[in-house]
Amino acid sequence: MAVDASCWLHTGAYSCAYELAKGIPTRQYCKFAIYWPRYVEYCVKRISQIIQAGVTPVLVFDGGRLPMKQNVEKARAKSRSKNKEEAEKLVLEGNHDLAFKKFAEGITITAPMVYELIKVCKEKKIEFFVAPYEADAQMTYLYKEGYVAAIITEDSDLLAFGCDRVLFKLDNEGYGYEINMKNLENATELNFANFSKDMFLKMCILGGCDYLPSIKGIGLKTAYKIVKETTDIPEIVRIIKRDPKYPITQTYQEDFTRAFLTFKFHTVYDFNNKTLTPLNKMQGTPYIEISNFTDKSFLGPYPLYYQ
DNA sequence: TTGTATAGCTCCT
DNA sequence: GCTATACAA
């Protein structure tokens with residue numbers, strides 16, 4: 001199974017949020033045992049657990065930053081530093097409980113922290129990949145290629161990327177939820193019969209994703225209804241424009257298309273050919289859509305797509 | 001039905 | 001980071 005390494009690093013970092021914020025080492029020392037930083041200890045524990053359960057883990061790390069996500073990442077970084085500042089104040093006030101929570105909210109997983117876990121993977125011969133860009137896309141690729149049976153994560157983006165089998169909320173006892181997209185048509189609240197993967201993705205983007213903020217007044221239910229009416233992007237935008245209650249930017253159709261293509265053509269590592277490849281190889285509509293953009297740098301510094 | 005605000009949670013002992 | 005809940009529009 002592919003494991004979203006960032007999730008475990010983040011949860012592990014929670015256990016030493018204060019030390020990380022203050023730059024205090026979290027590694028224990030003992031003559032007779034090797035200790036890793038506390039956030040790595042947590043990851044190692046989780047890895048051992050799933051190995052014991054008979055699962056071979058493949059850790060996947062986030063890689064380069066995507067230009068599409070810059071706004072989201074800037075906002076997150078700002079909120080994290082604000083939380084750290086607030087935490088410092090709370091420590092001075094003696095409110096240690098709330099301070100810990102603020103420090104926890106201010107957790108940043110840095111590259112050196114990631115590397116600590118990568119070193120452990122090398123020592124313990126645990127397979128891992130560093131995604132060219134987002135781990136979500138890389139894990140989806142591993143699933144689509146049949147290299148992993150499922151994905152362990154907390155991030156619902158995996159479903160938008162088109163991955164069928166995702167395990168959420170996996171706890172220490174090995175309990176969790178499996179979302180299997182093959183059961184989507186059995187959903188009772190909404191009828192997903194004859195709903196394609198692309199329709200599902202377009203619904204997700206309309207409802208708001210990391211690559212495009214949602215329109216005020218449009219949540220998942222409305223997004224579902226719109227996509228049910230038409231799957232054509234210009235037509236979707238026309239439907240939204242028809243209703244004056246939805247505030248929509250001039251560039252929305254372009255922005256929507258860029259978000260859609262960022263999911264479809266996300267650059268991933270092709271482990272068979274040791275090269276980079278788009279997550280989906282296809283001709284037809286998506287290619288026509290991407291050919292409308294002279295600047296394809298939103299797919300990353302070296303955009304890949306099929307002609 | 002949706003947005004916003006609010007509060008609670010991840011760790012470990 | 002995610003999730004649940006209440007309440008207003």
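Letters go in sequence order (proteins before strands), and every chain restarts at 1.
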**Request:** Could you check A/Ile215 against A/Cys16 and say which one's nearest nucleotide on DNA chain B is further toward the 5' end?
**Result:** A/Ile215

**Parallel, tilted or perpendicular: rings of A/Phe129 and A/Phe271 (30°, 60°)** = tilted

**Fill in**
Of the candidates B/dT1, C/dG1, B/dT4, the side chain of A/Glu105 sits closest to C/dG1

**Message:** Just to be sure I understand the rule, does A/Ser6 reach a base, reach only the sugar-phosphate, or reach nothing, if contact means heavy atoms closer than 4.0 Å?
**Reply:** nothing

**Prompt:** Between B/dT13 atom C1' and A/Phe100 atom CZ, what is the distance in whole Å?
**Reply:** 13 Å

**Request:** State, without any angle test, whether A/Tyr42 and A/Arg38 hold a side-chain donor-acceptor pair at a distance under 3.5 Å.
**Result:** no

**Message:** Counting only side-chain heavy atoms from C-beta out, which of B/dC11, B/dC12, C/dC2 sits nearest to A/Lys45?
**Reply:** B/dC12

**Message:** Please confirm whether the ring centroid of A/Tyr269 lies under 6.0 Å from the ring centroid of A/Tyr141.
**Reply:** no

**Complete:** A/Trp8 atom CH2 is separated from C/dG1 atom C1', nearest whole Å, by 17 Å

**Message:** Students often get this wrong, so: under 4.0 angstrom with heavy atoms, is A/Tyr39 touching a base, only sugar-phosphate, or nothing?
**Reply:** nothing

**Item:** Per A/Asn172 side chain, nearest of listed nucleotides B/dC11, C/dC2, B/dG3
**Value:** B/dC11

**Message:** What's A/Lys101 touching, base or sugar-phosphate or nothing? Going by heavy atoms closer than 4.0 Å.
**Reply:** nothing

**Request:** Return the value, rounded to whole Å, for the distance between atom CG of A/Leu20 and atom P of C/dG1.
**Result:** 15 Å

**Item:** Proximal nucleotide (of C/dG1, C/dC2, B/dC11) relative to the A/Tyr42 side chain
**Value:** B/dC11

**Message:** Can you confirm whether the side chains of A/Tyr147 and A/Glu127 place a donor and an acceptor under 3.5 Å from each other?
**Reply:** yes

**Message:** Does a side-chain N or O of A/Ser156 approach OP1 or OP2 of C/dC2 to a distance below 4.0 Å, or not?
**Reply:** no

**Prompt:** Checking all strands, does A/Ile107 fall into the base, sugar-phosphate, or nothing category for heavy-atom contacts under 4.0 angstrom?
**Reply:** nothing

**Request:** Starting at atom CD1 of A/Ile240, determine the distance to atom P of B/dT2, rounded to an integer number of angstrom.
**Result:** 13 Å

**Message:** Counting only side-chain heavy atoms from C-beta out, which of C/dC2, B/dC11, B/dC9 sits nearest to A/Lys169?
**Reply:** C/dC2

**Complete:** CG (A/Leu158) and CE (A/Met139) are apart, to the nearest 0.5 Å, by 4.5 Å

**Nucleotide C/dT3, atom C1' - distance to CD1 of A/Ile179 in whole Å** = 14 Å

**Nearest listed nucleotide, side chain of A/Ala104, among C/dC2, B/dC11, B/dT10** = B/dT10

**Asked** Expressed in angstrom and rounded to an integer, what is the separation of A/Asp171 atom CG from B/dC9 atom C1'?
**Response** 14 Å

**Asked** Just checking A/Leu9: base, sugar-phosphate only, or nothing, at a heavy-atom cut-off of under 4.0 Å?
**Response** nothing

**Message:** Checking contacts here: which listed nucleotide (B/dT4, B/dT1, B/dT10) is nearest the side-chain heavy atoms of A/Thr11?
**Reply:** B/dT10

**Side chain of A/Lys221 - closest among B/dT2, B/dT10, C/dC2** = B/dT2

**Complete:** From CG of A/Leu170 across to C1' of C/dG1 the rounded distance in Å is 17 Å

**Prompt:** Expressed in angstrom and rounded to an integer, what is the separation of A/Leu206 atom CG from B/dT1 atom P?
**Reply:** 17 Å

**Message:** If you compare every side-chain N and O of A/Lys245 against the phosphate oxygens of B/dT2 (OP1, OP2), does one of them come in below 4.0 Å?
**Reply:** no

**Prompt:** Is it true that A/Glu289 and A/Arg258 make a salt bridge, defined as a side-chain N closer than 4.0 Å to a carboxylate O?
**Reply:** no

